[in-house]
Amino acid sequence: RLGVVPDVLLGDFDSLGHVPSRRDCLVLPQEKDDTDMIAAARLGIEKGYRYFCLLGGTGGRIDHTLANIQLLAFLAEKGARGWLAAEQNIVTLLNQGEICYPSGLRGYVSVLAYGQEARVSLEGLKYVLKNAVLTPAFPLGTSNEFLGTPARIAVKKGSVLIIYPRTAKGEEEKIK
């Protein structure tokens with residue numbers, strides 16, 4: 001309906017109930033170690049892609065939602081960046097490094113330690129942190145706010161999940 005033609009269809013197609021009859025269809029076994037989404041990410045990395053926008057990866061089963069958040073960490077380990085785009089949120093994971101945001105962004109952003117403690121600096125947001133320690137057991141970075149000025153999230157050690165509610169004006173432009 002949107003006129004988007006995929007380069008390849010990949011999956012076990014168990015949710016669809018049938019395998020599409022197309023030449024560009026890669027059928028995976030239903031019993032496997034990788035989820036279909038991880039298999040697709042592996043294929044993308046093999047083909048040289050480094051930016052992944054994951055659609056349809058939340059909202060159904062919580063185990064698959066959590067697996068797709070883990071997929072963001074898998075992509076980061078491979079030198080890639082993924083965004084999990086859902087109806088209400090956009091999520092990405094940042095390993096040591098930084099993301100800089102242009103002026104004009106408004107709304108909430110949460111920065112949460114992922115997997116282990118993280119050493120983080122937040123600049124240009126309502127709540128500034130300088131070389132702070134975030135831990136997975138305490139959500140200190142929840143509900144910070146963009147102020148419309150340039151902002152920066154820097155991770156010196158560890159990994160963080162960065163979560164933007166879709167109500168934040170301008171955040172979708174950032175992931176394009």
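All heavy atoms count here, side chains included; hydrogens, waters and symmetry mates do not. Remember, predicted model here, so these are calculated numbers, not experimental data. This chain uses plain numbering: 1 for the first residue, then up along the sequence.
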Dump the intermediate steps for side-chain contact (heavy atoms from CB on, under 4.5 Å) on Leu134 and Leu129, then the final yes or no.
-> CA-CA 10 Å; Leu134 300 182; Leu129 293 175; 4.2 Å; yes
Checking side-chain contact (heavy atoms from CB on, under 4.5 Å) for the pair Leu72/Val91: CA distance, chi angles, key distance, verdict?
-> CA-CA 9 Å; Leu72 298 176; Val91 182; 3.7 Å; yes
Distance in Å, [X] [atom1] paired with [Y] [atom2], rounded so as to fall on 0.5 Å steps:
X      : Y      : atom1 : atom2 : answer
Leu54  : Thr92  : CG    : OG1   : 9.0 Å
Phe74  : Ile38  : CZ    : CD1   : 5.5 Å
Thr149 : Glu123 : OG1   : CD    : 10.5 Å
Leu147 : Arg106 : CG    : CZ    : 7.0 Å
Ser121 : Arg152 : OG    : CZ    : 6.5 Å
Leu9   : Cys25  : CG    : SG    : 5.0 Å

Can you name the nearest heavy-atom pair linking [X] to [Y], along with the distance?
X      : Y      : result
Met37  : Gly57  : CE-CA, 4.0 Å
Ser159 : Ala118 : O-CB, 3.7 Å
Thr135 : Ala113 : C-CB, 3.5 Å
Leu26  : Phe13  : O-CE1, 3.9 Å
Asn95  : Glu77  : ND2-N, 4.0 Å

Please lay out, stage by stage, how His64 and Leu71 fare under the test side-chain contact (heavy atoms from CB on, under 4.5 Å).
-> CA-CA 10 Å; His64 280 271; Leu71 174 56; over 6 Å; no
Please work out which of the three classes, parallel, tilted or perpendicular, describes the rings of Tyr51 and Trp83, given edges at 30° and 60°.
-> parallel
Are the side chain of Asp34 and the backbone N or O of Ala39 linked by a donor-acceptor pair below 3.5 Å?
-> no
Judged by atom type as modelled, is there a donor-acceptor pair below 3.5 Å linking the side chain of Asn89 to the main-chain atoms of Ile163?
-> no
Does a side-chain heavy-atom distance below 4.5 Å link [X] with [Y]?
X      : Y      : value
Leu10  : Leu43  : yes
Ile99  : Arg81  : yes
Leu125 : Tyr127 : no
Asn68  : Leu66  : no
Glu117 : Lys157 : yes
Pro150 : Tyr101 : no
Leu94  : Ile162 : yes

Shared hydrophobic cluster, [X] / [Y] (ILVMFWY, side-chain heavy atoms < 4.5 Å):
X      : Y      : result
Leu75  : Tyr49  : yes
Leu161 : Phe146 : no
Ile153 : Leu112 : no
Val111 : Val155 : yes

Contacts of Lys126 meeting salt bridge (Lys or Arg N to Asp or Glu O under 4.0 Å) (sequence neighbours excluded), chain-then-number -> Glu145
Give every residue pair that meets the side-chain hydrogen bond (donor to acceptor under 3.5 Å, both in side chains) criterion with at least one member in residues 15-27, sequence neighbours excluded.
-> Arg22-Asp24
Is the ring centre of Tyr164 less than 6.0 Å from the ring centre of Tyr108?
-> no
Asn131 atom CG, neighbour heavy-atom count above 12 within 6.0 Å = yes
Dump the intermediate steps for side-chain contact (heavy atoms from CB on, under 4.5 Å) on Ile90 and Leu84, then the final yes or no.
-> CA-CA 6 Å; Ile90 297 172; Leu84 183 56; over 6 Å; no
